[in-house]
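First up is the structure itself, then whatever we jot down about it.
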Protein chains: 2
Amino acid sequence: MPRPRMFDEADVVDRARRTFAETGFAGTSLDDLLEATGLARQSLYNAFGGKKELFMRAFLSDTSSAVDAVSTVMRSAEDPIVRIRTKLVSTAVEHGSAAASPSLFLRAAVELSGSDPEVAATVATAFDDIRADYTACIVDAQHAGEIDAGADAEALGTYFCAVIEGMSTLGRAGVARATLLQMGLTSLTAVPITPLGHERLGTEDGAWT
Amino acid sequence: MPRPRMFDEADVVDRARRTFAETGFAGTSLDDLLEATGLARQSLYNAFGGKKELFMRAFLSDTSSAVDAVSTVMRSAEDPIVRIRTKLVSTAVEHGSAAASPSLFLRAAVELSGSDPEVAATVATAFDDIRADYTACIVDAQHAGEIDAGADAEALGTYFCAVIEGMSTLGRAGVARATLLQMGLTSLTAVPITPLGHERLGTEDGAWT
DNA sequence: ACGGTTCTGGAACAAGCAGTCTACAACTCG
DNA sequence: CGAGTTGTAGACTGCTTGTTCCAGAACCGT
């Protein structure tokens with residue numbers, strides 16, 4: 001019986017995500033959101049409840065896609081060591097050079113982790129999940145004989161988590177894509193890769209710009 | 001002839017820095033600043049000009065001390081390779097476990113680099129300076145025979161910049177000090193250290209908590 | 001002690017904010 | 001087709017924001 005909505009809820013959340021990612025929670029006004037989503041004031045309140053609630057929807061959605069993105073790559077059928085290099089390269093490409101839509105996950109972590117307990121908890125478990133995925137991938141690589149079995153897999157997993165967050169941060173701060181890529185590939189040399197691992201990775205690493 | 005000020009300008013800037021670092025530019029109201037600094041409304045406007053101007057004072061001051069902090073360590077008399085490890089350890093200690101006062105430099109980079117050109121430019125040159133300091137230190141280490149002469153010093157410098165920013169970001173997001181330390185020390189293994197370098201670094205790396 | 005200059009504290013201001021209310025339009029089911 | 005329910009649009013409401021104004025207090029050199 002109700003009049004059907006003139007907007008797609010998921011689409012609205014995604015537009016809100018982009019807006020919040022660009023100007024932050026405190027820096028985004030309700031009018032900004034209305035303009036970005038095309039919704040009428042009351043429609044936003046009917047559908048979501050308010051600014052904070054819409055933010056949390058967008059934030060949780062972005063967080064889980066960030067976690068999923070890692071998970072997808074780290075559990076793919078590729079050689080374990082290649083999965084990690086793939087993630088490093090794609091992070092450099094996605095976060096390089098201003099243009100690309102910045103991550104709300106990272107922004108919310110920096111802006112609100114200190115003040116909002118729910119955001120802080122979500123960020124913390126997301127990082128744990130991401131770390132676990134990296135770690136699992138490194139264990140796979142050890143079983144495949146690509147990485148020294150004696151290496152501390154968890155230390156390496158945590159390490160990649162930091163490298164990739166650092167790349168995102170620097171990318172947002174304006175560091176060029178090629179520089180990010182160089183950083184990512186350098187980080188791989190921290191891993192005690194066996195001769196087999198090097199063979200699987202291939203020799204030439206250039207050709208991304 | 002004028003009535004002397006009842007506040008120390010540098011002290012006010014420092015208190016403002018802490019406040020802005022905790023709640024961000026948009027998230028900090030003038031009343032918050034007045035409470036944090038103890039100034040009267042008009043005094044703040046007389047002495048600094050306004051909210052934005054005070055923010056820039058605090059931001060520029062924090063940025064140059066962040067750059068100086070790197071520079072001081074990287075040009076110290078210590079063995080080059082030890083300087084880098086020192087910086088990694090101190091970053092882990094300072095940014096570990098919520099409590100410690102967060103960096104306004106990092107926060108402003110994430111919050112405002114996308115919208116404020118002056119902040120973006122400052123952040124960009126600060127990162128360049130920091131990268132140059134790391135690179136110079138690695139070159140020193142190569143001359144001292146601690147790092148393979150064939151390594152790409154600039155790539156390694158850029159890399160440490162990313163690792164350390166990543167550590168700061170994760171620290172703010174709630175990652176424990178011990179974990180940050182583990183990340184920092186793992187990042188060192190990306191460097192092609194010569195036998196002499198390993199000797200200079202020492203063998204046991206534990207005992208920080 | 002006094003005049004000039006600056007600092008101080010609070011009141012006042014306009015603009016912008018998140019959120020609410022009301023009238024109307026659109027659709028579905030009986 | 002029409003009654004009922006829900007979405008839409010925009011005016012409206014307190015409240016907070018950054019900033020300015022004004023009157024008085026504090027200090028210094030003479």
What is the minimum heavy-atom distance between G197(A) and I81(A), and which atoms define it? O-CG2, 4.2 Å
Whole-Å distance separating the CG atom of L44(A) from the C1' atom of dG7(D): 13 Å
Which atoms form the tightest heavy-atom contact between R107(B) and A21(B), and what is the distance? CD-O, 3.2 Å
Angle, rounded to 10°, between the helical axes spanning five pairs at each terminus of the helix from dA1(C)-dT30(D) to dG30(C)-dC1(D)? 10°
Here the distance between atom P of dT16(D) and atom CG of L33(B), to the nearest Å, is 17 Å
Rounded to whole Å, CZ of F7(B) lies from C1' of dT6(C) at a distance of 11 Å
Provide the full list of side chain to side chain donor-acceptor pair (under 3.5 Å) pairs with a residue in residues 112-129 of chain B, sequence neighbours left out, each pair given once. K52(B)-D116(B), D128(B)-R131(B)
Identify whether the distance between the nearest side-chain nitrogen and carboxylate oxygen of D79(A) and R83(A) falls below 4.0 Å. no
Reading nucleotides 17-22 of chain D 5' to 3', which nucleotides get B (base under 4.0 Å from a protein heavy atom), which S (sugar-phosphate only), which -? SSBBB-
Quick check on dT8(C): is either OP1 or OP2 less than 4.0 Å from any side-chain nitrogen or oxygen of S43(B)? yes
Do you know which two heavy atoms are closest between K51(A) and F25(A), and how far apart they sit? NZ-O, 3.1 Å
For atom CZ of F48(A) and atom C1' of dG7(D), their distance in whole Å: 13 Å
Nearest whole angstrom, please: distance from the P of dT5(D) to the CG of N46(A). 16 Å
What is the distance, to the nearest angstrom, from the CG atom on L34(A) to the P atom on dG19(C)? 11 Å
Over-ring placement of K87(B) relative to Y134(B), 6.0 Å and 45° cut-offs: no
How close do F105(A) and D62(A) get, heavy atom to heavy atom, and via which atoms? N-OD2, 2.7 Å
Are the charged groups of E146(B) and R200(B) less than 4.0 angstrom apart, N to O? yes
